[in-house]
Amino acid sequence: MFTGVVRQLAACQRAVVVSLALVPVVLATVACLPAVVVLPAFPGGVRRVSALLTLLRRWTDTVLSRS
């Protein structure tokens, strides 16, 4: 019985690790949404939003590929 539970936990280990690692990335993304909405209205804002979105994408890619 115990070995069956361990096997089931091992099977879902990657999903649990990824979901826990994505929590800070999701929080950072939600915190950046007002900037994504407002910054394009300012001079140079599109460049800054582009850099911000590139960082968020890179963080997400790192979490998904290295966990």
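The first residue in the sequence is number 1, and the count goes up from there.
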Would you mind writing out the side-chain donor-acceptor pairs for residues 22-48 within the sub-3.5 Å range, not counting sequence neighbours?
{"from": "Thr29", "atom 1": "OG1", "to": "Val25", "atom 2": "O", "distance (Å)": "2.8"}
{"from": "Arg48", "atom 1": "NH2", "to": "Pro43", "atom 2": "O", "distance (Å)": "3.3"}

Practice problem: Please list, chain by chain and in numerical order, all residues satisfying side-chain contact (heavy atoms from CB on, under 4.5 Å) with Ser19, sequence neighbours excluded. | Solution: none
Quiz item: Arg58 versus Thr54: any side-chain heavy-atom pair under 4.5 Å?
Solution: yes
Self-check item: Given Val63, Thr62, Leu64, the one that forms side-chain contact (heavy atoms from CB on, under 4.5 Å) with Thr60
Solution: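 Single side-chain contact (heavy atoms from CB on, under 4.5 Å) partner of Thr60 among Val63, Thr62, Leu64: Leu64.
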